[in-house]
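To start, the structure under review is shown below, and the notes come after it.
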Amino acid sequence: MKPADTMEKLVSLCKRRGFVFPSSEIYGGLKSCWDYGPLGVELKRNVKDAWWNALVRGRSDVVGLDTSILMHPKVWETSGHVSGFNDPLVDCKKCKARFRADTLDTQVCPEKPSKRPGECDGELTEPRQFNLMFKTNMGPVESQESAVYLRPETAQGIFVNFKNVLETSRVKPPFGIAQQGKSFRNEIVTENFIFRSREFEQMEMEFFVPPAEADTWYEYWCKERLQWFLDLGVDPDRMRLREHESNELAHYSKACADLEYQFPFGWKELEGVANRTDFDLKRHQEATGRDLRFFDDQTKERYWPYVIEPALGVDRAILVFLVDGYDEEALEDGDSRTVLHLHPKLAPIKAGIFPLVKKDGLPDIAHKLEEDLRKQFNVFYDQSGAIGRRYRRQDEIGTPFCITVDHDSKENGTVTIRDRDTMAQERVAIDAVAAFLRGKIGY
Ligand code: GAP
């Protein structure tokens with residue numbers, strides 16, 4: 001387990017170096033919403049690209065989609081969210097704080113943080129169901145008829161477009177439709193930085209399969225999704241797949257497993273993989289009268305495919321990569337360094353480029369290299385301060401390579417490239433640097 005104070009240090013680093021800021025900070029912040037800064041937005045983009053490349057572009061059996069956040073309100077009645085997307089809520093009669101009734105053992109009284117809610121002097125109300133969807137109005141008139149919801153998951157946008165995709169793309173089961181985008185949940189309790197917030201991003205894929213193949217594909221996607229994290233360098237000892245007990249399963253789900261990560265605040269769900277059966281397509285067909293079955297040309301059979309769904313939160317994945325990569329290392333010379341061991345594919349900046357000194361023509365060579373590399377990679381030029389300090393600044397934000405232009409570069413056209421993790425340096429010809437980086441990053 002990472003040390004307990006890792007989260008505090010990470011939140012501070014994220015703020016200090018421009019990964020994540022509290023939303024609307026100059027107005028005192030809006031609890032539970034977060035803004036991604038210049039480095040955070042690069043990291044986020046890289047995480048989303050890694051997912052999109054693995055699940056969509058890298059496969060011939062998955063296509064992409066980007067649906068609207070506001071959908072017909074009946075979608076959410078049909079999906080069961082209007083009636084059933086609730087958490088039990090209790091209030092403290094004394095301090096008026098609100099808690100999720102089913103997780104009281106992990107929450108604390110805001111007035112007496114050493115006590116659990118209800119174990120202080122305050123009495124709790126009876127639990128009542130609280131719907132997690134954000135409601136707004138479409139158009140100028142505020143009425144029940146104009147009410148719409150901010151989507152609480154991206155999945156329904158995929159189900160309601162199932163027929164559109166079938167009719168316009170040359171796909172047939174087994175095949176998937178993937179989507180990335182914002183989702184909103186009016187969570188009663190938000191916690192642990194970007195782990196649980198009210199506005200977040202999801203990456204979901206609905207994989208439509210012949211019912212007889214559902215169990216095999218479920219196993220397949222559980223393995224694939226775990227492997228995706230391991231391939232991006234996450235410590236296998238801090239990841240596990242937890243199969244749901246039958247009493248944990250949603251009513252539409254035949255099987256479900258959580259990919260869990262051991263955060264400094266305990267083992268928590270990172271991603272869910274579910275066998276949603278044919279529940280969603282059937283329900284949307286019943287509600288709309290549109291035939292959402294697939295017609296198999298060969299067997300002449302018409303059927304509702306079963307759906308295997310890997311559903312991941314982008315922000316939660318980012319938190320895993322940050323927590324897992326964060327380290328404080330003692331160095332041989334008695335110094336220490338903070339380092340983010342991010343996979344090179346995910347690192348916001350791929351290489352720092354430093355002239356050893358600000359004179360003797362070294363900045364010109366370094367600038368020229370920067371210009372060349374920038375066409376392919378996000379690189380950062382830095383000539384200020386001692387070279388050791390420049391290395392440390394890049395280590396702390398996870399930059400995998402630092403390239404130094406020194407006096408030998410003028411003589412023989414080579415530079416040194418320092419590896420963030422081993423701190424070993426090697427000399428590489430300037431015109432071979434781009435290929436070197438491509439090879440290491442895995443482009
Ligand atoms: N379509 C299925 C679905 O939405 P979920 O388990 O409710 O399933 C999927 O959500 C993933 O979305 C979670 O595993 C988590 O990574 C992320 N997620 C859910 N609620 C979140 C929140 N309030 N803040 C951040 N991420 C969240």
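Atoms within a ligand are numbered from 1 in the order they appear, just like the ligands themselves. For clarity, every value in this text was computed on a predicted model and none was experimentally measured.
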Under 4.0 Å to a heavy atom of Arg276 - the qualifying atoms of ligand 1, by number: 1 (N), 2 (C)
Ligand 1 contact on Glu201 by region, counting heavy-atom pairs under 4.0 Å: neither
Over-ring placement of Arg238 relative to Tyr261, 6.0 Å and 45° cut-offs: no
Ligand-side contact atoms (ligand 1) for residue partner Ala155, heavy atom cut-off under 4.0 Å: 1 (N)
Close-contact set for ligand 1 against Glu187 heavy atoms, below 4.0 Å: 20 (N), 22 (C), 23 (N)
Over-ring placement of Arg293 relative to Tyr303, 6.0 Å and 45° cut-offs: no
Side-chain donor-acceptor pair present, Arg198, Ser32, cut-off under 3.5 Å: yes
Whether over 12 other heavy atoms sit under 6.0 Å from Lys94 NZ: yes
Which of the ligand 1 atoms, numbered from 1, are nearer than 4.0 Å to a heavy atom of Gly313: 11 (C), 12 (O), 15 (C), 16 (O), 17 (C)
Contact check: Phe200 vs ligand 1, nitrogen or oxygen atoms, below 3.5 angstrom: no
Ligand 1 to Glu269 polar contact by distance, N or O atoms, under 3.5 Å: yes
Plane angle bin for Phe265 and Phe263 - parallel if under 30°, tilted between 30 and 60°, otherwise perpendicular: parallel
Residue and atom name of the nearest protein heavy atom (relative to atom 12 (O) of ligand 1), distance in Å to one decimal: Gln202 NE2, 3.2 Å
Ligand 1-proximal atoms of Ala311, by part, heavy-atom distance under 4.0 Å: both
Backbone or side-chain N or O of Leu270 under 3.5 Å from ligand 1 N or O: yes
Glu309 contact mode with ligand 1 (heavy-atom cut-off under 4.0 Å): side chain
Option from Arg16, Arg420, Arg389, Arg390 for which salt bridge (charged side-chain N to carboxylate O under 4.0 Å, His left out) with Glu396 holds: Arg16
Glu204: numbered ligand 1 atoms lying under 4.0 Å from its heavy atoms: 1 (N), 2 (C), 3 (C), 4 (O)
Leu230 and Leu226, any side-chain heavy atoms less than 4.5 Å apart: yes
Element-labelled atoms of ligand 1 that are located less than 4.0 Å from some non-hydrogen atom of Phe195: 24 (N), 25 (C), 26 (N)
Top protein contact for atom 24 (N) of ligand 1, by heavy-atom distance: Ser197 N, 3.1 Å
Selected option - heavy-atom contact closest to atom 5 (P) of ligand 1, from Gln156, Glu271, Arg185: Arg185
Cation-aromatic face contact Arg225/Trp228, 6.0 Å, 45 degrees: yes
Over 12 foreign heavy atoms within 6.0 Å of NZ, Lys48: yes
Plane angle bin for Phe354 and Tyr391 - parallel if under 30°, tilted between 30 and 60°, otherwise perpendicular: tilted
Within reach of ligand 1, part of Glu153 (heavy-atom separation under 4.0 Å): side chain
